[in-house]
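Reviewing the structure listed below.
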Amino acid sequence: MNEPFRDPELPLADRIADLQGRLSLAEKVALLHQYQAPVERLGVGPFRTGTEALHGLAWLGPATVFPQAVGLASTWDPELVRRVGEATSDEVLAFHHKDPAGAGRNVWAPVVNPLRDPRWGRNEEGYSEDPWLTGVMAVAYASGLRGSDPRVLKTAPTLKHFLGYNNETDRCTTSSDLPPRVLHEYELPAYRPALESGAAVAVMPSYNLVNGRPAHLSPLINDVLRAWAPDDVLVVSDAYAPGNLTGLQAYHDDPAEAYAHAIKAGLDSFTQDDERTEAVLGHIRDALERGLLTEADVDAAVRHALSIRFRLGEFDPATPYDDVTEAVVNCPEHQVLAREAARRSIVLLENDGILPLAGVTKIAVIGQLGDTLMEDWYSGTLPYAVTARAGLAERCETVFCEAVDRITLTAESGHVVADPGGGPLGLTAEAGTAEGLFDLFDWGGGSYALRAAATGRYVSVDDSGTLVNDQPGPNGWEVRQTFRLEDRPRGTLVLRHISTGRYVGLAADPGAAVPDGTASAALPDGAALRLVDDADAAVWLTAETVVSGAESAAALAAAADVAVVVVGDHPLVNGRETEDRTDLALPAAQEAVVAAVRAANPRTVMVISSGYPMTWSERDLPAVLWSSHGGQEYGHALAEVLFGDADPEGRLTQTWYRSACELPDLLDYDIIAADATYQYYRGTPLYPFGHGLSYTDFDHRDLTAEVADGRITVSATVANTGPRPGTEVVQLYTHQQRSRVKQPLRRLRNFAKLRLEPGESAVVRWTLDVADLAFWDVTRNRFAVEDAPHKIMVGRSARDIRLCATIHVTGEHIPPRDALAAPIPAVDHDEYDAVAFTDASRVSGDAVRSTAEGAWILFRGVDFGSGAAACAIEATSTEGGVVTLRLGDPLYGPVLGAVPVPRAGRYDLSRLVGGVEGARGVQDLYVVFENAGITVSRLAFGSAENG
């Protein structure tokens, strides 16, 4: 074929236009689904978005598994992260060449949501609580995914999830309130670098609402994200999110209206109904027929979708990546890279000198995670697994104890037993059989799993609700292998299935009714355990510990030179997609094991493997290390660090708090008002952002900081003063010391990773644009650099500052707001109480809504000039109410005036005018909502002369 769209020498825009011009409207509509239909008459094949590649290729079979994303970021090494992305893209291509339909080249990675709250169930998917560091790592990983060819994409990376997404609890119906400063200073900066550099070429909106509007309908998609990118950006929906617009969110009344709005807002690809496209395409056709969409709207979305396909080289005669084969999948080079990434991600949190290990001949490896590796929801299938036990066993003699309690469960009518063939759990009158023994795993948050000792398989619930023992462990989208142990009288308990919320009861067979009073019912031998709805029908069980995990671990540890206790979380339990955590505590049973081992052997090392920060009470531990779940080479990496083959290079990318009680509400996204993240947190953390120890010592000296020609130049000397080679991550922070607004206490600006021999020193130099010190000025809706002193801080973490200097930055003096010059948007206030951010209309604009009587917003420094005589507010209220204007104080300040707000529809904002008295000069203005449920979008003042 000689069509122009197949000519790679033509400009990209011309090629896209040529192909688009050949398509009928029906063919164009068919390109707006995740599963794009082929256009056979033009030789255009099918295309599918959405291959998971967060830390290696996922869901398609065995492939190299790298450390979780939060672990990759903990290396503080963008080049390493880029190489991991590159290896992942190799394997994506290999699978694609083998099965083009099953492995698409639009990859859904990286995740760039800043890790605002460690309780987020998907914490392990992100990089850091710092947006700048998140952006650095996103550029690195996405660059590896997209490949090095300047013209042809290797894969098409997709940033997710836009925007304000850090909670799984009610994630489709909760709204993330983002004040303007939080939006522009914290959330958006994480997305900009990867888009602006062209490293990422697609974006996925999030499930939640932002300021009352579904993220999939955000005007920021077109107005901001696409303005940053040098080329077309493809916007793909999250799975089944379009259906929420008329479903859970009920934002629109019918799908045609909702889908038309989504396309106009910037959505190009509907991930809805899996490969079943007809309903989605029918709604889009309906929208066209009803005039809700125009063909021009469809054309814009189609252009974005086709742009990615062209840039992937789909219509070229050949690409630089055609020769990638299956040989790259889990190849030796990728295995080496997985080991390197795992090793360099390990963070040494504590060390009294016990590490690195020396003179050790026998190690006791202990713990639930000591001889297993975990796959998370977005990891690949492990091609092999080097556990902590396996890695250490290559170095010296090891003994192992899983350190879980082995128990029996007994009802009044018999003993719970496992079927040797993995079938239903039942009751038997005979006690003491091997089938009656179960290992109890504590995964924290009240989540437990049971493993039948006789079969080595975990207790699960089948589709009929019957308890069986046929699973290798907690797994799947709906985890059916976890239970809560709820206390009952006389030392008994009942099992409550976490996934369904139902209780474990008894039945003579899976189809039989459960009799009344099952706690004491005498059922026949072999009665099955089955889920029941009624708590009163739950069987009361007595759990007896046959073998104590803590005692067994202590006995083993006492006879070893060193005890290494591996603790942590299960990525699919107690926090994951759809489930947040309520606390950060190390599971109680695991902590009891640590305490027992520490008492038995003072030479105890605690190794944490988790996707989020944890807390524990055992403070006197000789050494503590942390890593994310480290992938297939974790055991080798851990051994190299423990024995000192490598210096621990990892540094924390999140604050580790002493307790979840120190965190604001999970749904409070205003990090500034809530004093959240390392930037604003005023307490003393367990471990600060940037923390990580080395096996050697470093000296920091000779700090210089200068400002000239719009640039800040900082330099410092770092020397290795210890006896071993080591790696230091030198971190640069700034703090604006005087400002109109609340400023971060510290903010990461750059870092340098140095590998130094004993006695070696190096000079680190950084340059910053003065413009980088800007903050979002709500009085003028733009970034501004104030004229102010700034503290320059260089150190080992956000709280371990070794060098300081002060510079003066010449900038603006932010003037008072001119109340008479222009309307003041209500969202552009300085402080607030008891208000929520909401949508002013379904399409665009933000407003504030009072959530309680007496709610208020504050505007500091409002200049009323020689006097204002009237105030007009744009407002509505479904119940009616009054807005009062006060000066200086929301309760006792002088009243300027009051504006009644009549009852009206949710979006029926109207201009309401009231007189004001005493408004002159520069004042702090409080807008007080005398009732809950009042929505205000903006207010304007007029003088006596202009009304």
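Values reported hereafter were calculated over all heavy atoms of this structure, with side chains retained and with hydrogens, waters and symmetry mates removed.
Residues V347 and L349 have side chains in contact (heavy-atom distance under 4.5 Å, counting atoms from C-beta outward). Using a 4.5 Å cut-off on side-chain heavy atoms (C-beta onward), E350 and Y687 make contact. Between L382 and L373 the shortest side-chain heavy-atom distance falls below 4.5 Å. Using a 4.5 Å heavy-atom cutoff, the side chains of V567 and V593 are not in contact. Contact check for R619 versus L686: side-chain heavy atoms found under the 4.5 Å cut-off. The side-chain heavy atoms of Y695 and V641, taken from C-beta on, include a pair separated by under 4.5 Å. A heavy-atom distance below 4.5 Å is found between the side chains of D376 and Q68. At a threshold of 4.5 Å between non-hydrogen side-chain atoms, the residues T721 and F698 do not count as touching.
Residues in residues 564-576 take part in these side chain to side chain donor-acceptor pair (under 3.5 Å) pairs, two or more places apart or across chains: D569-H629. A ring pair (Phe, Tyr, Trp, His ring centres under 6.0 Å) check over residues 354-388, counting only residues at least two apart or in different chains, returns the pairs W59-W377, W59-Y378, W377-W477.
Checked against the 6.0 Å centroid threshold, F751 and W76 count as a close aromatic pair. A distance of 6.0 Å or more separates the ring centres of H55 and F66.
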Please table the atom pairs, donor to acceptor, closer than 3.5 Å between any side-chain atom in residues 355-363 and protein atoms at least two apart or in another chain.
unit_1 : atom_1 : unit_2 : atom_2 : d
T361   : OG1    : D561   : OD2    : 2.8

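Listed here is the closest heavy atom pair of D439 and R406: OD1-NE, 2.7 Å. In terms of heavy atoms, P688 sits closest to S797 at CG-OG, 3.4 Å. In terms of heavy-atom proximity, E618 sits nearest to V594 at CG-CG1, 4.4 Å. A418 and A452 make their closest contact through CB-CB, 3.6 Å (heavy atoms, listed as atom of the first residue, atom of the second, distance). Annotation for N475 and Q471: closest pair ND2-OE1, 3.0 Å, computed over non-hydrogen atoms. Minimum interatomic distance between Q632 and V65 (heavy atoms only, all atoms of both residues): OE1-N, 2.9 Å.
Of the possible donor and acceptor atoms, one in the side chain of N601 sits under 3.5 Å from a partner among the backbone N and O of A560. Here the side chain of S694 pairs a donor or acceptor atom with the backbone of T696 at under 3.5 angstrom. Under the 3.5 Å distance criterion, the side-chain polar atoms of S128 are matched with a main-chain donor or acceptor of T653. The backbone N or O of R496 lies less than 3.5 Å from no partner atom in the side chain of R484, so there is not a single donor-acceptor pair. Looking only at distances, no side-chain donor or acceptor of R796 sits under 3.5 Å from a matching main-chain atom of R802. Looking only at distances, no side-chain donor or acceptor of D647 sits under 3.5 Å from a matching main-chain atom of E649.
With salt bridges taken as basic N to acidic carboxylate O contacts below 4.0 Å, one links R480 and E478. A salt bridge links E728 with R651: at least one charged nitrogen is closer than 4.0 Å to a carboxylate oxygen. Using a cut-off of 4.0 Å between Lys/Arg side-chain N and Asp/Glu carboxylate O, E633 and R343 are scored as not salt-bridged. Using a 4.0 Å cut-off between a side-chain N of Lys or Arg and a carboxylate O of Asp or Glu, R457 and D470 do not qualify as a salt bridge.
Cation-pi geometry between R581 and Y612 is satisfied (NZ or CZ under 6.0 Å from the ring centre, within 45° of the ring normal).
Using bins of under 30°, 30° to 60° and over 60° for the plane-to-plane angle, the ring pair W656/W616 lands in the perpendicular bin. Y657 and Y681 have perpendicular rings, their planes meeting at more than 60° on a 0 to 90° scale where under 30° would count as parallel.
Among T408, N469, L425, the one residue that satisfies the side-chain contact (heavy atoms from CB on, under 4.5 Å) test with F438 is L425.
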Check the pair S499, V479 against side-chain contact (heavy atoms from CB on, under 4.5 Å), reporting the backbone distance first and the verdict last.
-> CA-CA 6 Å; S499 175; V479 178; 5.8 Å; no
R339 vs E640, salt bridge (Lys or Arg N to Asp or Glu O under 4.0 Å): CA-CA, chis, key distance, verdict | CA-CA 10 Å; R339 185 169 180 167; E640 288 173 348; 2.9 Å; yes
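Interatomic distance, OG of S413 versus CH2 of W540, reported as 13.5 Å (0.5 Å rounding).
For Q335, the CD atom is densely surrounded, since the number of other residues' heavy atoms within 6.0 Å is greater than 12.
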